[in-house]
J.: 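One structure follows; several queries about it will come next.
Just so it is clear: chains get the letters A, B, ... in the order the sequence lines come, proteins before strands, and each one is counted from 1.
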Amino acid sequence: MVTSDAGSEIRIRRVVVALDATTAPSAALDAAAALASGLGAELVGLFVEDQQLLRFAALPFAQELGIATASARPVRTADIERALKSQAERLRRVLAETARPLGLAWTLEVTRGEVVRAAVAYAGDEDLLVIGRTRYLSISAGPPPAGLQFPTLRARTVAALYDGTPAAVRALVIAHTLARVAGSELAVLIAAGGPEPFRALRVAAGQVLGAHGATAAAYVMVPGTDPASIERAARAQRARVLLWPGAHRERAAETVAALLADVSCPVVMLG
Amino acid sequence: MIAPLPGDRLTHSCDPADFGFATTAEIEPLEDVVGQERAARAVDFGIAIARDGYNLFVMGAPGSGKHTLVRTAIARRAERAARPSDWVYVNNFQEPHKPLAIALPPGRGNALRKDMEQLIESLRGAIPAIFESEEYTGKVEAIDAEFTERHEHAFGALGREAAEQSIALLRTPSGFSFAPVKDGEVMSPEEFGKLPEEEQRRIESTIVALQGKLEKLVREVMRWRTERIERVKALNREMTLLAVGHLVDELKDGYRDAPKVVDYLDAVQRDVLDHADDFRRHPEAPAAIARLVQREEPSLRRYSVNVVVDNGAPDGSPIVFADHPTYQNLTGRVDHIAQLGTLVSDFNLIKAGALHRANGGYLLIDAIKVLAQPFAWEGLKRALTRKELRIESLAEMYSLVSTVSLEPEPIPLQAKVVLFGDRYIYYLLQVYDPDFGKLFRVAADFSDDFDRTEASTATFARLIAALARREALLPLDAGAVARAVDFGSRYAGDGKKITARLQRITDLLTEADHLARTAGRAAIAAEDVDRADAASRDRADRMRERVHEEIVRGTLLIDTTGAKVGQVNGLSVLALGDYAFGEPTRITATARLGEGHVIDIQREVELGGSIHSKGVLILASFLAARYSGNRPHSLAASLVFEQTYSEVDGDSASLAELCALLSALAGLPVRQSLAVTGSINQLGEVQPIGAVNEKIEGFFDVCNARGLTGDQGVLIPAANVDHLMLREDVVAAAREGRFRVYAVTNVDEAIELLTGVPAGSPDMVGEGPQATVNGRVAVRLREFSTARRSWARPGVRPGAPDTTRRHGGD
């Protein structure tokens, strides 16, 4: 449990990391584990089985081109179900291995649908939602240095989008918690239309952080809150996690989906 | 009849007054080997000549100073010689099973080992730091981003192309696929089934076309993936080089004089660049595994330097004595260690042999030891023949083990090998090993003794002075030195020689030193030497005492008074290791009519050695030639060593046996107060024998125990007089006329002394009363001859009187 600058408690009961068959779990899971550790929350893995895939597999001409072999083979619904089940099991093991050294309580939930929508629908008010980015292919330089906690976050930047709203304050506090736990730097992306609002918001953000004895490594002006602007700012800061304050819950799924299409890191949204 | 030897001929005493010093503390010690000039010349030549095959075989009796002389000569030469190279084994990165051998200036082997340890320690810090740096991760991310962008762009373009035809590009758990969409959702089978057939075909053909493009794209992706891996590898090498390059360059600067080291360091750098990941931090192994594997990380062992020869410490050429010259101890070995249930090895487990350590110097080995060790002799010869040190495992050679094996690079060998051994080993090797002569061309033959002259006695005194100093003994007074000289002669078994086996002298003087200290003396006195000698004899005297007791008690029958026909006291010697003693043995002979054969009962029962048999055959020939030259030799005789129950050998009793036989033939009794030793030849001449002193003393002891009568004595060959070094009590008895030693030159002198009857000439037969031994023998043999002829005549019945028998008179 952490407190906002106003002294109100930010109660986070669960950190939900949403994953589907196409997401690489490491960065999102690392961020989720760090948050759960820092906030004293339960870690929940939410594996979303893609409904579209199951429907596709039922088509009579359904074929799959193997990524490792570049060869086509017929696909049936049972094949997809087996593969999804196997992935869920794999995720269970990864969750267990991640949570054990941190002493975290954890669970794995499996649901069907589209990952962002399903995650938004699943998360409650006291949940943090971490969603990894869907990629066509996963590229990595190999295993991260071993023996480190939160290896994908260490010596990297946690970025928080700040627009002065109460949700943004909460996101900033949580971002600070994440940065502290993971040993990362904190960059504040300030959504402002010009220099004046930026300065004002920067002062406000500084005060929020100052109340927690923290400072940000950088304050960056983001001209707009559109996904493309956020993506550019996050990339410039080499952000490994983006704290998105969220706005209206009903629009969250669309916005996050759009954001994930552009940014190259997992997005954390408040429930 | 000949006279007994005077007392002064019975020993060769050294006069302490001749030395001119009170104790050895006053004289200059001589740290050298005496009386081995020929051997010393051979050793000097052998170690000086720098040619293949000129190794040495140093032969001689144990304790004759072989090792001392050779070590001194080699040390003299070695200290002037340049130190040979150090040798190290390092990993061969191209062929790890063939470790590389590198020569380095003396003392630099360990320096290289430490430098490499330092380098690896530095790299263990520097390389992880490089890979954890912002710079590195940024570059990797840039590469990843580039390829990610390339993927996204390519798949995005294909996805858009598909979307334009109402087809979705889907990511499945293990690949990609295309599916028709309607209102942003993948069509269900029912929806698809409701489409007109033509539309269905169009969709399917579109998907087939898109799949063709996807297939090409995926193949392209595979190529990109490889390209990315190569880019990251190149980056890794580039970054590692930043950490490694300057460290290795600094190291190379220190080894410009050793090009092979520079090449090795280049190879190390290449290997580190290829295996930088080995230096990155890895999680701790579980404890159970950690206990099973080596403490050092195995992957970094390949950068160690195994210093097999370190010539950093001593000056000059190495001198190595191979005390336990097994095959592996000589030629080196490759050890194995058990790791997770298997035997593994690497160049770090190469162990040097004595030949490695002696390379460039000298290797000293006891021949018998190297010959006794399986394969060691062959291994030594192989190394000397090839002139290189090649470590070969016997177990692998004979397929006794099946495990990882190494073939270390051979090391050139240039060492002088010195073998020490007995003469018989040298001669056996010369005869039976054709390689031996080619490899050990120099023989240094150490004498067992040296001449006892005034000069050599003085030198011997200095040698004793050195020995006393070296062994931290009390100084010896002149009397003790004189006793030591006499002991040396007695040990040599020759009054005109002194033994060269100084170890025995050392033992005697060490024991004398103990007695002198116990008596509180400041110097070892003659009395101490005598007591030490007596004590030494006494410790080994059990068997002699037992035999002596049996004789005195009459269990072993030896007469020392009276006279008997056909019975002579012979003298034999029993050698028990380093201790020998003499004992009288009764020899008896019987004679009868026969066909000229002398039966050696010892031989008949296989208790006689070949030399003994030879002696009997010689005396039989002498008898036949002297007495039956022109008539059948019709004698049947038997000779035996009474009360002997083990093998008798040697011919030193042949004079006694002949005398017993002559007594039997002549019917003349032999004085039992005398004992006889000496060998005989076919002409009746008496030849020298060994252990003359022990034999005389053996008979003296028996007589002395029964009471010396003045009539007792021993007959010895005249040629042995120079060898006499009798005990003081024997000499004293002789001087007082209570015991006698006679030196005889032929059988006639001996038989005269034994019978008290003139020997006479065998040619005098038939010309008067037979008052001589020879005459009586000749008559008796002629009677046998005549009897034999009569017995052989047809019609004569055995047992009937021979009417034609001629009597020889008397």
J.: What part of A:F56 lies closer than 4.5 angstrom to a heavy atom of chain B: side chain, backbone, both or neither?
T.: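 Both parts, heavy atoms under 4.5 Å.
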J.: Please classify the contact of B:E215 with chain A as side chain, backbone, both or neither, using a heavy-atom distance under 4.5 Å.
T.: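 Both backbone and side chain.
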J.: Salt-bridge test for B:E146 and B:R231: reply yes if a basic N is under 4.0 Å from a carboxylate O, no otherwise.
T.: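 Looking at B:E146 and B:R231, the cut-off is met.
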J.: Can a donor-acceptor pair be found, under 3.5 Å and without considering hydrogens, that links the side chain of A:S86 to the backbone of A:R82?
T.: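 Flag not set: sc A:S86 to bb A:R82 has no pair under 3.5 Å.
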J.: Please look at A:A58 and chain B and tell me whether the side chain, the backbone, both or neither of the residue comes under 4.5 angstrom of a heavy atom of that chain.
T.: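 Looking at A:A58, backbone and side chain both touch chain B.
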J.: Contact part of B:L214 toward chain A, heavy-atom cut-off under 4.5 Å: side chain, backbone, both or neither?
T.: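 Answer is both: backbone and side chain atoms of B:L214 are under 4.5 Å from chain A.
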J.: Regarding B:E117 and B:R113, does a basic nitrogen lie under 4.0 Å from an acidic carboxylate oxygen?
T.: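 The answer is yes: the pair qualifies as a salt bridge.
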J.: For the interface with chain A, which of B:V181, B:I229, B:V186, B:I207 has the highest count of heavy-atom pairs at distances below 4.5 Å?
T.: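 Greatest number of close heavy-atom pairs with chain A: B:V186.
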J.: Do A:D50 and A:R112 sit within salt-bridge range, that is, some charged N less than 4.0 Å from a carboxylate O?
T.: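 No, this pair does not count.
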J.: Does B:R270 qualify as a cation-pi partner of B:F93, given the criterion of NZ or CZ under 6.0 Å from the six-membered ring centre and within 45 degrees of its axis?
T.: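 Relative to the ring axis of B:F93, which defines the angle, B:R270 lies outside at least one limit.
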